[in-house]
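Here's the structure we're looking at; comments come further down.
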Amino acid sequence: MPARELVVLGTASQVPTRQRNQNGYVLRWDGEGILFDPGEGSQRQMLHAGVSAHDLTRICVTHFHGDHSLGLAGVIQRINLDRVPHPVTAHYPASGQHYFDRLRHATSYRETVALREQPVAGDGVLAVTPGFTLEARRLSHPVESYGYRLTEPDGRRMLPDRLAGHGIAGPDISRLQREGALNGVTLAEVSEPRPGQRFAFVMDTRLCEAVPQLADGCDMLVIESTFQDQDAAIAEEYGHLTAGQAAAVAREAGVRHLVLTHFSQRYGEPAGFEAQARAAGFTGGLTIAADLTRVPVPRRR
């Protein structure tokens, strides 16, 4: 399977339907597995999707409405039941600490895993790892809500023809990458910049300045489109986006692949979301999310 992909567990807004489970998304990113917004039923959806508790290294909750967090209790207990051998870090709005505590300790179970609580108290960087930086930005919703952005460090792409021209091969390539120069040849002479990949996860929110900031230059943007454009007034009232609004943000931000999700039960078929996203001028890769689908992060440019 791809080293970087989105696994969709559920796509329904507020309540599950016959075709859609409540929210849940797992981002596989090399050796990391980040679970976003586990709604009710996420543990079972993980089973159907082939995602195990051992795959999870982080949990990111945007806000404490039930369709984004009721699955926490089951997932946390499953992590402990399966004795996941590594710590799992949980990020969530600090203002909802009491909700997190209730869900974490909803019933009796044996705690066997180090669950590291790292609540989000404002905009900024949450974690820096060798593979990415994770940050959060405050969104506009009736309750405190945060979007998440993952940014891989920029690197360099080695150019085989230039390496050969300078007679550099085998272990000397790694040495050049480590030291920056070898026998008078600099790294810049035999490589080119390679921008790091970017991923953003934006759930319940009205349009606000944080939305394009999170989306800027993303290889993949997963974003709510609870309503269709004809219901924009309702979306604004309840703190949500329409398909056209989400796609317009993606277009302006230069997003390569857009994943629309979190659909209101009032819409039986997803075709309208795709049509409205294209009508908004978004021409990149587009997925109208369905439960248990897998969406690869686009290959590097």
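As the structure is a prediction and not an experimental result, all values here were calculated from the model. Heavy-atom basis, side chains included; hydrogens, waters and symmetry copies ignored.
Proximity of the aromatic rings of H86 and H54 is defined here by a centroid distance below 6.0 angstrom, and this criterion is not met. The ring of Y92 has its center no closer than 6.0 angstrom to the ring center of Y99.
Using a 4.5 Å heavy-atom threshold, the side chains of D231 and R266 count as touching. With a 4.5 Å cut-off on side-chain heavy atoms, E117 and D101 count as touching. Residues I76 and Y109 form a side-chain contact, since some pair of their non-hydrogen atoms from C-beta on lies under 4.5 Å apart. In this structure, the side chains of R78 and M46 stay at 4.5 Å or more apart for every pair of heavy atoms. With contacts defined as side-chain heavy-atom distances shorter than 4.5 Å, the pair T89/T57 does not qualify. Residues H141 and M203 have side chains not in contact (no heavy-atom distance under 4.5 Å, counting atoms from C-beta outward). By the 4.5 Å heavy-atom criterion applied to side chains, R138 and C208 are not counted as neighbours. Counting only heavy atoms from C-beta outward, the side chains of Y148 and F199 never approach each other to under 4.5 Å.
Note on L9 and V61: same hydrophobic cluster, where clusters join Ile, Leu, Val, Met, Phe, Trp and Tyr whose side-chain heavy atoms are under 4.5 Å apart, directly or indirectly. No continuous path of ILVMFWY side-chain contacts below 4.5 Å connects L139 to L150, so the two sit in separate hydrophobic clusters. Linking ILVMFWY residues whenever their side-chain heavy atoms come closer than 4.5 Å, directly or via other members, leaves V222 and L241 in distinct clusters. Hydrophobic clustering of Ile, Leu, Val, Met, Phe, Trp and Tyr side chains at less than 4.5 Å, counting indirect connections, keeps V255 apart from M220. Hydrophobic clustering keeps V297 apart from V51 (ILVMFWY residues linked when any side-chain heavy atoms are closer than 4.5 Å, directly or through intermediates).
Here the shortest heavy-atom pairing between L187 and R156 reads CD2-CD, 3.7 Å. Scanning both residues, A235 and T242, for their nearest heavy atoms gives CB-CG2, 4.0 Å. When every heavy atom of D291 is checked against every heavy atom of N21, the shortest pair comes out as OD2-N, 2.5 Å. Nearest heavy atoms, S191 versus M158: CB-SD, 3.8 Å. Closest non-hydrogen pair, G239 versus P142, comes out as CA-CD, 4.3 Å. For the pair C60 and L134, the tightest heavy-atom approach, listed with the atom from each and the gap, is SG-CD2, 4.1 Å.
Applying the 6.0 Å contact sphere to CZ of R299 captures no more than 12 heavy atoms from other residues, nucleotides or ligands. Crowding of D161 atom CG: a count of heavy atoms from other residues, nucleotides or ligands under 6.0 Å exceeding 12. The environment of Y267 atom OH is dense: over 12 non-hydrogen atoms of other residues, nucleotides or ligands sit within 6.0 angstrom. Applying the 6.0 Å contact sphere to CZ of R175 captures no more than 12 heavy atoms from other residues, nucleotides or ligands. Annotation: E209, atom CD; neighbour count of heavy atoms from other residues, nucleotides and ligands within 6.0 Å does not exceed 12.
Q22 places a side-chain N or O within 3.5 Å of a backbone atom of Q14 that can act as its donor or acceptor partner. Not one N or O on the side chain of S140 forms a donor-acceptor pair closer than 3.5 Å with the backbone of T205. Side-chain atoms of E144 never come within 3.5 Å of backbone atoms of P93 as a donor-acceptor pair (strictly under, hydrogens ignored). Panel note: side chain Y25, backbone G10; a donor-acceptor pair is recorded below 3.5 Å. E40 places no side-chain N or O within donor-acceptor distance of the main-chain N or O of L70, the cut-off being under 3.5 Å.
From R278, atom CZ reaches atom CG of L258 across 8.0 Å, with rounding to the nearest 0.5 Å. Remark: R137 CZ to Q213 CD distance equals 4.5 Å, nearest 0.5 Å. Taking CD1 of I79 as the reference point, atom CG of D55 lies at 10.5 Å (rounded to 0.5 Å). Taking CG from L176 and NE2 from H166, the interatomic distance works out to 10.0 Å, rounded to the nearest 0.5 Å. Within the model, atoms CD1 of I223 and CG of L260 stand 7.5 Å from one another, a figure rounded to the nearest 0.5 Å. From I59, atom CD1 reaches atom CG of L72 across 6.0 Å, with rounding to the nearest 0.5 Å.
Between R256 and D219 there is a salt bridge, since a side-chain N of the basic residue sits under 4.0 Å from a carboxylate O of the acidic one. Between E192 and R162 there is no salt bridge, since no side-chain nitrogen of the basic residue lies less than 4.0 Å from a carboxylate oxygen of the acidic one.
Listed by chain and residue number, nothing satisfies the salt bridge (charged side-chain N to carboxylate O under 4.0 Å, His left out) test with R44 (two or more places apart in sequence, or in another chain).
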Show the numbers, then the answer: is there a side chain to side chain contact (heavy atoms under 4.5 Å, CB included) between V249 and Q245?
CA-CA 6 Å; V249 167; Q245 288 172 335; 5.8 Å; no
Run the side chain to side chain contact (heavy atoms under 4.5 Å, CB included) check on R28 and R294 step by step: do they pass?
CA-CA 10 Å; R28 295 185 185 272; R294 312 174 91 92; 3.6 Å; yes
Report the C-alpha separation of H257 and T287 in whole Å, then their side-chain angles, then the decisive distance to 0.1 Å, and conclude whether the side chain to side chain contact (heavy atoms under 4.5 Å, CB included) test is met.
CA-CA 8 Å; H257 195 104; T287 296; 2.7 Å; yes
Between Y238 and T226, does a side-chain hydrogen bond (donor to acceptor under 3.5 Å, both in side chains) hold up when you go through it step by step?
CA-CA 10 Å; Y238 289 98; T226 308; over 6 Å; no
Residue pair W29, E152: steps toward the side chain to side chain contact (heavy atoms under 4.5 Å, CB included) verdict:
CA-CA 10 Å; W29 191 274; E152 180 185 31; 4.1 Å; yes
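Side chains of T107 and Q77: a donor on one and an acceptor on the other come within 3.5 Å. Side-chain contact annotation: Q265 with T17, donor-acceptor N/O pair under 3.5 Å absent.
Within the structure, the side-chain hydrogen bond (donor to acceptor under 3.5 Å, both in side chains) test picks out the following pairs touching residues 66-75 (sequence neighbours left out): D37-H68, D67-H262, H68-D204, H68-H262.
Other members of a hydrophobic cluster containing L159 are absent, since no ILVMFWY side chain comes under 4.5 Å of it, directly or through relayed contacts.
Classification of the F36-F201 ring pair by plane angle, with boundaries at 30° and 60°, yields parallel. The aromatic rings of H63 and H65 stand perpendicular to each other, their planes meeting at an angle above 60°, with 30° marking the opposite boundary.
Each of E237, E236, E224 was compared with R206 under the salt bridge (Lys or Arg N to Asp or Glu O under 4.0 Å) criterion, and only E236 meets it.
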